[in-house]
Structures are given as structure tokens and as C-alpha cells.
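Below, read A as the first sequence line, B as the second, and so on, with proteins coming before strands; counting in each chain starts at 1.
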Amino acid sequence: MRLSRYFLPVLKETPAEAQIASHRLMLRAGMIRQQAAGIYSWLPLGYRVLRRIERIVHEEQSRAGHIPMLMPTLQPADLWRESGRYDDYGEEMLRIADRHGRDMLYGPTNEEMITDIFRAHVGSYRDLPLTLYHIQWKFRDEIRPRFGVMRGREFYMKDGYTFDLTEDDAKHAYNRHLVSYLRTYERMGLQAIPMKAEGGPIGGDYTHEFLVLAETGESEVFYDAEITDLTFGDREIDYDDHAQCAAVLEEFTSRYARTDDTHDEAVFHDRVPEARRRRSRGIEVGQIFYFGTKYSEPMGAVVTGPGGERVPVHMGSHGIGVSRLVGAIIEASHDERGIVWPEGVTPFHCGIVNLKQGDTEADSACARIYHALAGHGLEALYDDTEERAGAKFATQDLIGLPWRITVGPRGLKNGVVELTSRRTGESEEMSPEAAVARVAEIYAGR
RNA sequence: CGGGGCGUGGCGCAGCCUGGUAGCGCGACGGUUUUGGGUACCGUAGGUCGUAGGUUCGAAUCCUGCCGCCCCGACCA
């Protein structure tokens, strides 16, 4: 993409309303624009990141054998009356009436709807296990939205629903989700720690939240320092293997790690030596629940078992806050100059800065590099504007592309361009071909 | 929802207390500058002062209602 033809409304000054780094940087980098309290438009750069995160989520869900679908944002109130949550959810649910006066709501989640779909079409234990998920916009009418997309009212979320015949099978579905989530977050360059949590209005007490450690997190967290040494990496996993998934859950949840909701100071002291006790803050980027028959029973989601008996299915729901992740990643990865995107989610793989637009050598070198990168399947943001070098660098640093190739007449005289890492700030001079090859190598396999 | 604050060109702000016909910086646009970390200078455009009403000869400024936004708390994927 040539910057001169792109839509990237960067701001030099920080809008007054932004209090935390991710919100400030998303506004300054032209990623979002607030339309109402807690409601945002996603401008092209922000939209790219959102889509990349979404794609990673889809890929990892697919790997775990989960089936994508799409449910609507607006739901009929009657479904929620069946589960009893129409009243329980309270003011946080946005209620609407259509022209006929029928009660509708903008869905904050989809347990009722998926249960309705299930009961209409699934009747036998032979159809289980089943995991359906979708990625859709949700709305929770927070009393006080803040922190940009980290705590908006409208948010984009992956929510998956598991249906199993027995509690044991449902626990495996839970474990499988935990494993797939570990992979998902790692691909985004994040360490998200599963912590024992509380059910909240979704219900259920078999649940973990995934938290990214950050000063600006909404939750206070307490954990054993050893847990931050764990990584899932690229280990082989068979998602159908109950024992293997259970072992991963054991590995990642056996150490003390809890949010303030479930924290127990006595247990913390008892189980964790003082030197390893950590108290910090975290951003919740996902949560997994097993809640048994909480919805299947009242809503009649039953199947016929092997012995001919009619039994309510065991369910779980599992969420990843896709839009919130954009903010969380920035909270975890930025510096005083701007965002530092992990390679897995960056909106463009590489920036190209032409220091002397209009110089024949520089222009053609930039064009060659741009096309060579494209040949490797890599997208570059080529700054072909008439700005001064300083302004171009400042913009690059702000929007945080992990790699930058700087091209100018001075270097080209010696046959070199400069490859710079956003994260370390280190630059290296090399031929244009070598720079392209290096960037291609960095992204190989991603 | 309780407490506090703010709405003035795209962004950041001054002006309000003490009423007199709207200003600064950044940005945008047109030039000059030819430039390796937000260059300098000249010029231009852009504002129903959130909104409705009231007081007044006269309201951005004083009064009242409403709307919106932000901060602290409670709440929260």
C-alpha cells in the first residue's frame, strides 16, 4: 500500500479523552474514531489489525476442530425469558422494541440462541460432541465505558459453545479450549495466563480467565512467578486426546494464579514461597466456562442417550475478546514513540521509507523492494509522501510496523538500504535484495 | 447510579470570574525552503462558541432545562 493513497489520519497531539497508552496510541495512529461512549469506528489501519487477530482465532479454532457459524446481533427477548436471564442481566443489556412492539435486545452473548439452534436440530448422542462458535459484535451497556476498545460497549468477540453427552466429555471440551487458547494468544505475541476466576452472569464455577499482565489492567492478579516461564510453543497436540489436553491444563493451571475475585491470601502464602509471589494487574482477554445443564435443562436441549433415555446436554462457553485484544496487545507492546506490533498481528509486515521522494534512484529502489516483498506474500506500507524524513520516521514509529526499510540516495550510492527493527531500534545496512530476503525469512512460516 | 469536571474551526487550548460582535498553537490548503529523526518563512480557507429557552440595548461570557463527553467510585469480556 502506498501511503499517499491510503487513509491514515495520524494525530500529532493526543486527544484529551485518552487516559491509557493503548487508547492514546490507537487514536494517534488513526486506528479508531469514537462515535459515542464506548462505540468506535475502525479506520483502515485498526481494521487490518482486527482482521489479523480474527484470522488467527479462526485458524486456531479450526485446528481444534471447532465449527464456525454466525448468529445475529439482534435477538428476540423471548429466548432470554426462557433461560431467566432477561431479568437477571439488568441494565447492562440493551433492550429495543421493533415497530410491532416486540421486545428485542442487542446480544451481549449467545448461549440462549445457540441452545435454541441445538435443540431444534440435534436429538441424538451420536451427534456429539459438537462445538460451534462465531465471531460477532456484541453489546453490553456498561455504566462507564473507558479505555478505548479495551472496555467499549460494543465489542467484537469470539464465543464458542460446546455440547457433550457427559460431564467428562464436557471437561475435555473445556481442556481442549484451554490448549487452543494458549496457542492463539502466543501467536499474537502475548503471554496470557489462565487464572481461576468467577462465573459472573454467564454462570458456572468451572472457569478460567486468561489475563495479560499490564499495569493498566482492570483486574488485580496474584500469581506464582514460575508461571511466567511457561510457553506452549509449537508442541504437537492431538485435540482429541483427552489425557494430553488434561495434562496441558494441569501444567498451566497447577501453579497459583488468581484474580482478586478468587484470591485467597492464606492459600497464596501457603502454596507459593515468598520470593515467587507476584501481585500485579491484568487485562482479561478470554474466558472459558463449563456450566453443565444450566441452559440445556430450562430450554429443553436434550438428546437421546445410548440407552434410549432423554438427557440434557452438558454445555460450556468459551470467549476471546477480539476487539479488546487490539488494545491489550498495545498495552503489552509499546514505547514512548508509539506502538510496537508483534509480527503475528502487525497491520503491514514492513514499512518502506523513501527519504527522497522524486529521486529516480530512490523511487525505483523503493518500487523494487515493494514488489519483491509482495512476491513473498508480504504487505508493505510504502511511505511515498513528500514529508520530511523526520516526519516519516515519526509516523513509522507511531504506527509500529515491526520492520522498516529506509531508502535514500546517500545509501544507494553505496548499494545499500537500511533495515531497522522497531522493537530494538537496531539498524543494519545491506543491499535491497538482502533486506527483502531478511524480512521474508523473519515472516517465513507465520 | 453517587461524586467531580468539561463541551469554543479537524486536534490541543485561551477567552467566561468582571457581558460589547471570537483568538492562539498544531493540522489542512497554496507558495518559498531540498530536506537522513516531526525544518523555517509567507499567504489562504475553516467556527450556528453542544442545544433549547430566559435575563439584557447587547450573551461564548449571567440564569434554567436538556444532550453529549471525560475522571474517581460501584460495575465490567
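Remark: R95(A) is positioned above the aromatic ring of Y86(A), its terminal NZ or CZ atom under 6.0 angstrom from the ring centre and at most 45 degrees off the axis. A cation-pi arrangement is not found for K138(A) relative to Y156(A), the charged atom failing to lie both closer than 6.0 Å to the ring centre and inside a 45° cone about the ring normal. Geometrically, R63(A) does not engage Y239(A) in a cation-pi contact, judged by NZ or CZ lying under 6.0 Å from the ring centre and within 45° of the ring axis.
Among C70(B), G73(B), C76(B), the nucleotide with an atom closest to any side-chain atom of R146(A) is G73(B).
A side-chain N or O of H208(A) and one of Y174(A) form a donor-acceptor pair less than 3.5 Å apart. A donor atom on one side chain and an acceptor atom on the other are not found under 3.5 Å apart for R404(A) and S427(A). There is no side-chain donor-acceptor pair under 3.5 Å between E426(A) and S421(A). No side-chain donor-acceptor contact under 3.5 Å links H318(A) and Y133(A). Residues H134(A) and D159(A) bring a donor and an acceptor atom of their side chains to less than 3.5 Å of each other.
To the nearest whole angstrom, the two P atoms, one in A14(B) and one in C29(B), are 27 Å apart. A28(B) and C71(B): their C1' atoms are spaced 32 Å apart (whole Å). Here the separation of U61(B) from G7(B), taken at their P atoms, is 12 Å to the nearest Å. The separation of U51(B) from A40(B), taken at their P atoms, amounts to 36 Å, rounded to a whole angstrom. Taking the P atoms as reference points, U39(B) lies 38 Å from C17(B), given to the whole Å. If you take atom C1' in U55(B) and the same atom in C41(B), they sit 49 Å apart, rounded to whole Å. The same atom, C1', is picked in A45(B) and in G30(B); the two are 10 Å apart, to the nearest Å. A distance of about 11 Å separates the C1' atoms of U8(B) and C16(B), rounded to the whole Å.
At C71(B), one or more side-chain N or O atoms of R144(A) fall inside 4.0 Å of OP1 or OP2 (strictly under the cut-off).
Base pairing of U21(B): no nucleotide in any strand meets the Watson-Crick or G-U wobble criterion (both distances under 3.5 Å). Under the Watson-Crick and G-U wobble criteria, each requiring two contacts below 3.5 Å, nucleotide U33(B) is left unpaired. Across all strands shown, U55(B) forms no Watson-Crick or G-U wobble pair with both key distances under 3.5 Å. Base-pair partner of G68(B): C6(B) (Watson-Crick or G-U wobble, both distances under 3.5 Å). Under the Watson-Crick or G-U wobble criterion, with both distances below 3.5 Å, A28(B) is paired with U44(B). Remark: U61(B) base-pairs with no nucleotide in the shown strands. Criterion, Watson-Crick or G-U wobble with two distances under 3.5 Å.
Nearer the 5' end of RNA chain B, as judged by each residue's closest nucleotide, is the contact made by A36(A), out of G286(A) and A36(A). Across the interface with RNA chain B, nearest-nucleotide mapping of R33(A) and F147(A) shows R33(A) to be the residue nearer the 5′ end.
Rounded to a whole Å, the NZ atom of K138(A) is 19 Å from the P atom of C76(B). What separates NE2 of H23(A) from P of C11(B) is a distance of 13 Å, to the nearest Å. Rounded to a whole Å, the CD1 atom of I20(A) is 14 Å from the C1' atom of C70(B). In this structure, CD of Q34(A) is placed 17 Å from P of G10(B), rounded to the nearest angstrom. The nearest whole Å value for the distance from the CZ atom in R151(A) to the P atom in G73(B) is 10 Å. Put simply, CZ on R24(A) is 16 Å from C1' on C70(B), counting in whole angstrom units.
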Which letters describe nucleotides 35-42 of chain B, given B = protein heavy atom under 4.0 Å from base, S = only from sugar-phosphate, - = neither?
SBBBB---
Could you write out each protein N or O paired with an N or O of nucleotides 12-16 of chain B at a distance under 3.5 Å?
{"unit_1": "G12(B)", "atom_1": "OP1", "unit_2": "A16(A)", "atom_2": "N", "d": "2.9"}

Please evaluate residues Y47(A) and R51(A) with respect to the criterion side-chain hydrogen bond (donor to acceptor under 3.5 Å, both in side chains), reporting the C-alpha separation (whole Å), side-chain torsions for both, the decisive distance (0.1 Å), and the verdict.
CA-CA 6 Å; Y47(A) 185 56; R51(A) 285 293 176 237; 2.7 Å; yes
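As judged by a 4.0 angstrom heavy-atom cut-off over every strand, G38(A) is placed among residues making no nucleic acid contact.
Applying the salt bridge (charged side-chain N to carboxylate O under 4.0 Å, His left out) rule to R52(A) yields no partners; only residues at least two apart in sequence or on another chain are considered.
Remark: the R140(A) side chain and the C76(B) base include no donor-acceptor N/O pair separated by less than 3.5 Å.
Q61(A) has its side chain within reach of H177(A): a pair of non-hydrogen atoms, C-beta onward, lies under 4.5 Å apart.
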